[in-house]
Amino acid sequence: MIIKCPHCGPRDLAEFSYHGDATLTRPDPASTDRDAWNAYVYDRTNPAGDHREYWQHSGGCRRHVVVSRNTLTHAITDVRFAGERK
Amino acid sequence: MAEYSAFQVFKNGLTGNTGWKQAWRKPEPKQQYDVVIIGGGGHGLATAYYLAVNHGITNVAICEKGWLGSGNIGRNTTIVRSNYLLNGNTPFYEHSMKLWENLSHELNYNVMFSQRGIINLCHTPAQLDDTARRGNSMRLMGVDARMLTPRDLARRVPGLDLSASARFPVLGGLVQPRAGTARHDAVAWGYARAADRRGVDILENCEVTGFLRDGDKVTGVATSRGEIRARKIAVCVAGSTSHMMKLAGIEKLPIESHVLQAFVSEALKPFLDTVVTFGGGHLYISQSDKGGLVFGGDIDGYNSYAQHGNLPVVEEVMSETVALFPAAAKVRLLRSWGGIMDMSMDGTPIITTGPLTGMYLNCGWCYGGFKATPASGWCFAHTIARDEPHELSAAFTLDRFHRGYVIDEKGQGATPWKH
Amino acid sequence: MTSHRLPTGGRIGRDVRVHFTFDGKRYYGHGGDTLASALLANGIRVLGRSFKYHRPRGLLTAGYDEPNALVTVLTDGAREPNIRATELEIFEGLVAESQNRFPSLRFDVMAINQFTGKLLGAGFYYKTFMGPVIGPLKGTRFWMFCETFIRRAAGLGRAGTTPDPARYERMNAFCDVLVVGSGLAGLRGARDAATTGKTVIVCETMPVAGGCTNWRGDETQSDEARTLIGELGEMENVRLLTRTTAWGYYDGNTVAALERVTDHLPKRGTPAPRHRHWVIRAGQVVIATGALERPMVFPGNDRPGVMLADAAMRFAEEFGVLTGKRMVLFTNNDSAYRVAMRLKELGADVPAIIDVRAEVEGDARADAETAGIEVIAGHAVVKTEGRPEVSSVFAQPFDHRTGILPGSGRALTCDALLVSGGWSPVLHLASQAGARPVWDEQLQAFVPPEGDGRWTAAGSAAGEGLDPPAPVFEIVSTGGKAFVDLQHDVTADDVRLAHREGFSSVEHLKRYTTLGMATDQGKTSNISGMAIMAEALAAPIPQVGTTRFRPPFTPVSLGALAAERYGDLRPHRLTPMHDWHAEKGAHMYPAGLWMRSESYNRPGETVEQAYIREARNVRESVGIVDVSTLGKIDVQGPDAAEFLNRIYTNGFAKLPVGKARYGLMLREDGFAMDDGTTWRLAEERFLMTTTTANAARVMQHMEFYLDCIWPDLRVHLTSVTDQWAAAAIAGPNARDVLAACVEGAAVDHATLPFMGIVRGAVAGVPVMICRLSFSGERAYEVYCGAHHGQHVWDALMEAGEKFGIEPYGLEALGTLRIEKGHITGAEIDGRTTAHDLHLNWMISSKKPFVGSAMLDREGLMDPSRWSLVGVVSLSGERLRGGSHVVNGADREDPGRSLGHLTAMCYSPAMGKYIGLALVENGPGRIGSRAWATDPARSGTHIPIEIVRHHFYDPEGKRMHG
Amino acid sequence: MAEHPSFVADPVLRDRAESPLTGHYQPGDFGTLADNDPGVTLSERFGLTIVELAAWRGDEEKIRSAVASVMNLKLEGAPGSGAAGENGSAFNTAPGRWLVSGEKAELAAELAGQTGTAGTLTDLSHGRTVIRIDGPRSRWVLSKLFAIDFSERVWPVGHGVSTSHHDIHAAIQRSGADAFDIIVFRSFARSFWHVLCRSSEETGYRVT
Ligand SMILES: Cc1cc2nc3c(=O)[nH]c(=O)nc-3n(C[C@H](O)[C@H](O)[C@H](O)COP(=O)(O)OP(=O)(O)OC[C@H]3O[C@@H](n4cnc5c(N)ncnc54)[C@H](O)[C@@H]3O)c2cc1C
Ligand SMILES: NC(=O)c1ccc[n+]([C@@H]2O[C@H](COP(=O)([O-])OP(=O)(O)OC[C@H]3O[C@@H](n4cnc5c(N)ncnc54)[C@H](O)[C@@H]3O)[C@@H](O)[C@H]2O)c1
Ligand SMILES: Cc1cc2nc3c(=O)[nH]c(=O)nc-3n(C[C@H](O)[C@H](O)[C@H](O)COP(=O)(O)O)c2cc1C
Ligand SMILES: [Zn+2]
């Protein structure tokens, strides 16, 4: 697999590390809504098809990216920086 | 149908092998069953078999979307062991081991369970202690285990690099002598034939495409071969679990699907008489009766439903193999393939009633469910028949995640790709 | 000249004799010969024995699809089994031997299996060998007894156990277009791409480019190929790789290829690798892999001398070898006619072509007859004879539409039967890329679908230019076994047996009979197998489908895939003082990738004696330990304090500049993740330390939160682990040592209290000193630039000499921390909570932090959880790492596990063996007795007392003083 | 630490510094040399000041001009862009991050002065090892170790990448026609050096 890092360009999979589902929203840090936290930590849609996921270009620029990838074909349609850092 | 035996083989051999019948029937689906099991893998088949044998429930159908055994049962590295660390796991896997030990007789099918032992290698003093801890844990639960010195290893595993200059020097290992390998396909076929003989309908090319509901209750399945009603519906679809449960309206589960690759080398004369696992990375290797070295490593590490893997893992596994067995550099890789793992959030399976009324769920086997096949079927059949968990699988609940009773052998937390 | 060699022709170097040994006998061939062609030239036609029945086998093909002729090559004491003789280029001194035979190829005792052949039908082993249900052989015993013999009989070649001395390398490559195959189609494709300026790589599995133009005997085509090869050779943007097999098509158009760099050379031990593992990232892949001829299935079709027509052509054209003197052809298509005529031209006696087709359209038949070759149309071969090599074949009238054999036939004497059963495009790579093969009725073959943009197929691989055959795959007759998969001895009857038993899906067929699972992966057998199954099912072939093609296309050496990760090239991380430790005789062992010293044994000392001495010296005087391996992260920015406050369970916002604080991190699920100290160097700058093992993980953890969760925080993280050398100086004399050598800073208690930080210099080199203690003694960590690490270390040793300073290793470090009840990775094992480890005091209730919402879930607060305690050996016996804590006094009946030891040592301070343990309901057991049991390792069963985990100076007077 | 005087500038400090390759760095010719010409020449560039500059988002331009004013190097905005000059070299390794190295005295202090609040500076002079590979086969040798396209058309002089060889992270800058500077973590330097030497044996190599 080749992931096109928005900074470094296309790079081999081996340079990246996976960080899982990027569609989850972390509850407000102060929230004590246990269900929301449980859902965030444990529950996954795990789709067969389009998936948005975090990867870190750990063997390159070290930035995290959000990759849109099809889990049936592994075809990648979009890669962008995660978050918008200041 | 005739029992399989040496005599039958001889007799049929002389008569051109024309006397053999279908190993299992190819029935048309009935409209109604007591239990419909979705998934004709090892667990689904074993569940059907034990429903019939232990609970007398024989009006059962198994819906398999492809050919029987096309899932992970047909593509795993065949290691059977019960060398677990944590309390929640060991008794379950040990029960499985005991069932394995008599399985060929039980099924009247040679599943070729070969108790050639499994050895976990240790490469650092800390690993020796960790491994001893595991061995002790096993012993205290009545499972066989023993630490090995490098000298023991030299005798048991010729070709293993035990020199001080080895890429990963070996300080010792843990052996579970009763562990071993079995012929994966035979397990599927053996359970299928045995279940079929007890009246279970095995419906191949019968993909479940939806659930029939009556309010909150699940009452049947829609399949590519028509609708089938059932009082109870058991889901055993391994890597397809999330997808299947979505059809039932359950959008999220503590499961991710990941691809695991496996490899086989060209056939060789006996090279390795036991199963060896590497402690410095992730590798397990054994030799099939046909002669191929069968090996695997880590999952590729990202959600996948594609049954093919990536190149870095191939390289990783091969480099670990030649690090342990430097002579194997000249051995050649024959074939590689992949299977879809149902990785749970703590690396431990789920066997449970629900999550909907009339439904039963068996999943989360990660890369270790082959060895669990008999016990999984045993306990799941119990759960289905009695509507309550079997004591051996009582810890494998679905709510353990939320409640904080995770069983995390690897200590990795909620990152399925690291288990 | 050897007996079967033609006087001229071929691409072999006739003036050079190349000597080699096969099964101990010396032969010679010529440069460019393969082992197969050289043996053929020497009249050797039996090259191997089959897998199951041990039948004598000769060559079926001339290339990578060869199922029979597998040999073992011996080089420098290493064995390489299962090499196809058809691909093995001979070189001076080559030593090869045949396989799967005992005692010799000509006489193999296992050939007895042929006569039991009927019993050994497909899958027979599933039905027997189960053994008795009772008695000593019950359970798995009987099977395992049988298995020993089955395993010995199975397998092909034997691999050695001596390490492979060869060298392997990896090569990364990038190109716009990768062309696989250098036949005309590939060469044209490469030229077309290259002339538009694209970068092109062409890989070709054979030693020379040109594909089948090298042997098809078509001058125009071979001229064109030669010209193209010349043109491409001139172009800077083209790289042509021969002896290079593209074997794996991976996601992202990454193609793996194996180049056999020196296998064909006699000279070994050069720095050039034996194999090069190419990883090619291509914009586009052109699959121009040609087509393979396939055999037909008929009784006796495995007899040596029965060969594919195209293979015979190759042996003649490329190597100048006639595979027989009198050759009969058997075909269902026109391509064999060209072979027949060409072989005749070359001097072979070609009496007849047996064609299953009653009518042969076009000129082929007339041409053959003009050339004096009899065309026996509407016939099929139903039997071969010869011992073991073919000496005659039997042709019988055949109706190819019904498969019926009406009437009687005739025998033809011959020493070679050349078969052509049609052509199958080589679409393996397209299939690996995910393409579903399409059945072409005319070609009676699967062809690749339209390319999907990532790849295209060209030439014969796309089904172009192939001769359409009559749809005949099998001749059913009674003349003996008819083989489908020659290597695995799968017969047509086996396929029918599988059908009878319900294994009729092609995937079941494959797994039940092992058809297509041999080293050739069914290249010559898959289609016939499917066709026979289709016939049995009375279904069309495409409905039966094909099995999945998987990498590798042809087998790949494991060494090549390991490449530079082989032998002694290990990625070790070394501290700046590594060589010093090694010189002092420290035993270094790996901690992750780092190498760390275990202990500095004096002559005659055991590790235990050494660590006790080292630890005692710390307690009594002063010791020094290299802690450069600790993870160090530079945390900078206006929000750095806020960030740490969110990451750590305890507060960091108010940490004063010039002070350090011990911190704990949790995972999001509330379990403990790592601990370490973090130093505030400036208002907006912290130096975080982590455990050695978790450094990378902690870095990633924090980067994740900054990138993905709190992108608004202005914090920069940089790994500075390697920037700093660090030495910890511990012991009552530690301060004196520093006082003796630190310049520019005071180290007295007031200036440098516990957790204080000062900057100064040692031996003229800047240092930063933080007063921290892992050992529980008065202790300091001295940090300096890594390049100065050795210099500062030397100065500290020198200054410490009069105070009795001694280095200590990890064992002593562990001892000291156990005595203090400090935790490490053995306790923070991913399953423990702050609560389990009695670190509740570090949990701030004033702020949320990572993990705060999850840490007090029911399961994490369960009183029966295992928590940290100390244990003391009551018998004076050494406790064993990995022991479990039990209640039973009886070693044989110890009861269930209550927990386990995480660490143990002999404590010089306590004068006892002590340890740390995680036990069920730990606090409730303090003061009680139990046993530490180690059944799997030492067998010891030691009485212990469970105590608090702080053994030594629980109030911390020593480290604070 | 920027707070520390640059050890390059101070001959005494430099004298007390030790390369991680000490004892493993042997000048001479090795491997198969064609006509006595090595395919590559390897050398360590020891004693450079190396700093990482990281800009706050939006302040990248300011960091580039800081580099320009201290080092007289013009940095483009594009990823990987870099330049080399008399005062040293700099290139972009990650969004908003540059690796700057040079022999100039007080380089770190001057850069720190110019950076101000536009970003942060981290001294890595001790933490990184710079190995130069030069010669006609440098790309061939590098391609054995890194999954990076080293071809000229995508890689102008001065340009750099962040990549890795298995566990070994490397920042690589093209420093000449056939020359590349490989910057690895100090603790890995020795292992990397051995791998590099081994990989260069095929083409022959000279250590200077
Ligand atoms: C490469 C690899 C190596 C492994 N190695 C080991 C090992 O050494 N030891 C070990 O213990 N375990 C191992 N495992 C794990 C083990 O194979 C699995 O955990 C186990 O097989 C899963 O249970 P199963 O057999 O029921 O699954 P499967 O065989 O996957 O059965 C699930 C079935 O459900 C069917 N299905 C899915 N969706 C539908 C639908 N909609 N309708 C109908 N049917 C459907 C599938 O077609 C499939 O046949 C390995 C797995 C892999 C892939
Ligand atoms: N008469 C027939 O039926 C028949 C059969 C085959 C070809 N042809 C003719 O031959 C010509 C076709 O030439 P072509 O170029 O398509 O095929 P080709 O057979 O000439 O070339 C294919 C090349 O690909 C190589 N190759 C295959 N798999 C490879 C891999 N994985 N890695 C590296 N190399 C690999 C082969 O060694 C071969 O050299 C046409 O003119 C066609 O008409 C005719
Ligand atoms: C234990 C085991 C041994 C295998 N041995 C072989 C073998 O010797 N030859 C072979 O071609 N495939 C072998 N396979 C792989 C199968 O051919 C096949 O690739 C695998 O079952 C996955 O199926 P798929 O490739 O059709 O997806 C083996 C598989 C397993 C699980
Ligand atoms: Zn990047």
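Basis for what follows: all heavy atoms, side chains included, without hydrogens, waters or symmetry-related copies. Below, read A as the first sequence line, B as the second, and so on, with proteins coming before strands; counting in each chain starts at 1.
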Sub-4.5 Å side-chain heavy-atom contact between A:Arg34 and B:His402
no
Ring geometry between A:Tyr42 and B:Phe401 (parallel below 30°, tilted from 30 to 60°, perpendicular above 60°): tilted
Highest number of heavy-atom pairs under 4.5 Å with chain A among B:Ser304, B:Ser240, B:Gly413, B:Gly301 belongs to B:Ser304
In short, salt bridge (charged side-chain N to carboxylate O under 4.0 Å, His left out) pairs touching residues 409-419 of chain B with sequence neighbours left out are B:Arg134-B:Glu409
dist A:Leu72:CG -> B:Ile340:CD1 (nearest 0.5 Å) comes out at 9.0 Å
Going by heavy atoms in the side chains, are A:Leu24 and B:Lys252 under 4.5 Å from each other?
yes
Taken to the nearest 0.5 Å, the spacing of B:Asp300 CG from A:Leu13 CG works out to 7.5 Å
Closest non-hydrogen contact found for A:Asn46 with B:Tyr305 is O-OH, 2.7 Å
Okay, B:Asn303 and chain A: the region with an atom under 4.5 Å from a heavy atom over there is both
With chain B, the option among A:Gly49, A:Pro47, A:Ala14 that has the most non-hydrogen atom pairs under 4.5 Å is A:Pro47
Neighbour count above 12 (heavy atom, 6.0 Å) for A:Arg52 CZ: no
Query raised in the report: So with a 6.0 Å cut-off around NE2 of B:His282, is the heavy-atom count from everything else above 12?
Result: yes
- Message: Is it the case that the ring center of A:His51 lies less than 6.0 angstrom away from the ring center of B:Tyr302?
- Response: no
Bottom line for B:Val313: the part with an atom under 4.5 Å from chain A's heavy atoms is neither
Scanning both residues in full, the closest heavy-atom pair of B:Pro312 with A:Asp12 reads CG-OD2, 4.1 Å
Per-residue tally against chain B (heavy atom, under 4.5 Å) across A:Asp21, A:Thr71, A:Thr73 peaks at A:Thr71
Chain A shares the most heavy-atom pairs under 4.5 Å, among B:Ile255, B:Thr415, B:Val259, B:Thr241, with B:Ile255
Closest non-hydrogen contact found for B:Ala414 with A:Arg44 is O-NH2, 4.1 Å
Okay, A:Trp37 and chain B: the region with an atom under 4.5 Å from a heavy atom over there is neither
